[in-house]
**Q** 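Let me give you the structure first, and then I'll get to my questions.
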Amino acid sequence: MAHPNFLTTLPLAPKDPILGITEAFQADTNPAKINLGVGVYGDEDGKLPLLHSVSLAEDQLNALKTARGYQPIDGMVRYTRQVQQLVFGADCPALIQRRLVTAQSLGGTGALKLGADLLRSFSPQSEVWISNPSWENHRALFEAAGFTVRAYPYYQAERHGLDFEGLVQTIDQAPSGTILVLHACCHNPTGIDLDDGQWHQVRQIILRRGLIPFLDLAYQGFSQGTQEDARQVREFTELGIPVLVANSFSKSFSLYGERVGALSIVCTSSDEALRVQSQLKRVIRTNYSSPPTFGASLVATVLEEVTLHELWEKELGAMRQRIKAMRAALVTALKQTLPTHSFDYIAEQRGMFSYSGLSSEQVQRLRQEFSIYAVDSGRICIAALNHKNLERVVEAMTQVMR
């Protein structure tokens, strides 16, 4: 009798919409090809930077020649302490009152995964609501955890702006216990953020409807600055309800391959925090047992030491300003080549990405005719632009949008 092979009927999984673009880009033999699809910051030469602050911290750690033992289940204490201070502020009441639980995670994705698994264990009847559109992996992560995932309105294509009326009308009908996933700043993929007044209205609905806010903070420092970009997270901690926050240092430290992130949970009491921490450790233990060492050590070292922290803030500020400069240059150039079009919406967006207004058909033309790669939705990575490739990108966009 032949041994049954369950792999025989295993279907081929669809390609990841972002990573698939990178694969196509790499296969392209055109030496002038440009990848505007990947969510990675490139410097003026189009290269992934090694921050000087990180390099100095790495030299310090290598000089110690420390053995690599297991970390605590919820991560390195000096690292989680620095995460709490950077994201929530050293004077955060939840931190002072020991109501804040933070666990080191495998990047921001890992933080979302931990939160999803924890919520599924104790609120299995809840639904997860994400913005339309949202980062592609949001839906996949929460569906994989067993949740029903629905979308609330966010982007209004006709005017390339925020559909705030649709957003508030929809979430104001959400059942109590609904997990509401929110982008704390630099919305991915649109680059469109809520203003302070709109955030206030969302928080009031969350309180009134009994919703569970889950904030994704992947781009702290890329909108206005590290403190300004954490403002909405800090406002949520004052609501007196449980709040989950996933943060990442992939972009802000240019540590993509080290997978450095954290999940934080704001609790309503120190006793509640102890119980939440114990359950979060169980989730981690059954996922990967304990987190890696080196990337978190780098981040902790930079954030702990005043001179390195100041240098990092300066380097992060330079990245932020370069993105803003390229965004402005793109808008200026497009207005010159397509004077009948308005591109003010691109200028108003924030962070690494832009919903450019390109249609799926126009994106396909960019790939086929110009070897310029973007996401089918028209999302482009502003951080992938530089003064060497801007002219060619503008010429190509002009051709397909004319």
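The first residue in the sequence is number 1, and the count goes up from there. Quick caveat: nothing in here was measured; it's all calculated off a predicted structure.
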**Q** Are there over 12 heavy-atom neighbours, none belonging to R285, within less than 6.0 Å of that residue's CZ?
**A** no
**Q** Would you say D172's side chain and V168's backbone share a donor-acceptor pair under 3.5 angstrom?
**A** no
**Q** Is a donor from one side chain sitting under 3.5 angstrom from an acceptor on the other, for W129 and E127?
**A** yes
**Q** Ignoring hydrogens and angles, write down the donor-acceptor pairs under 3.5 Å from the side chains of residues 47-57, residues two or more places apart or on other chains.
**A**
from : atom 1 : to   : atom 2 : distance (Å)
S53  : OG     : E315 : OE1    : 2.7

**Q** Backbone N or O of I346 within a donor-acceptor pair of the R327 side chain at under 3.5 Å?
**A** yes
**Q** How about D376 and Q364: does a side-chain donor come under 3.5 Å of a side-chain acceptor?
**A** yes
**Q** Is there a donor-acceptor pair closer than 3.5 Å between any side-chain N or O of D163 and the backbone N or O of G166?
**A** yes
**Q** Would R203 count as a cation-pi partner of F236, with NZ or CZ less than 6.0 Å from the six-membered ring centre and within 45° of the ring normal?
**A** yes
**Q** Under the criterion side chain to side chain contact (heavy atoms under 4.5 Å, CB included), I'd like the reasoning laid out for D196 against R231: C-alpha separation, chi angles, the key distance, then a yes or no.
**A** CA-CA 10 Å; D196 290 346; R231 179 177 176 183; 2.8 Å; yes
**Q** If we ignore hydrogens and angles and just use 3.5 Å, is the side chain of R259 paired with the main-chain N or O of Y256 as donor and acceptor?
**A** yes
**Q** Can the ring centroids of Y154 and H187 be said to lie less than 6.0 angstrom from one another?
**A** yes
**Q** I'd like to know if the side chain of S356 and the backbone of G378 have a donor-acceptor N/O pair within less than 3.5 Å.
**A** yes
**Q** Just do the side chain to side chain contact (heavy atoms under 4.5 Å, CB included) check on F353 and W135 with the steps written out, would you?
**A** CA-CA 11 Å; F353 303 111; W135 179 49; over 6 Å; no
**Q** For the pair D28 and R367, find out whether any cationic side-chain nitrogen is under 4.0 Å from an anionic carboxylate oxygen.
**A** no
**Q** Output yes when a side-chain donor or acceptor of N389 lies under 3.5 Å from a complementary backbone atom of L385, and no otherwise.
**A** no
**Q** Does R392 reach the main-chain N or O of F370 with its side chain, forming a donor-acceptor pair under 3.5 Å?
**A** yes
**Q** So, N247 side chain and L217 main chain: donor-acceptor pair closer than 3.5 Å or not?
**A** no
**Q** Calculate, to the nearest 0.5 Å, the distance between atoms NE2 and CD1 belonging to H200 and I205 respectively.
**A** 10.5 Å
**Q** Is the closest basic N to carboxylate O distance between D45 and K388 below 4.0 Å?
**A** yes
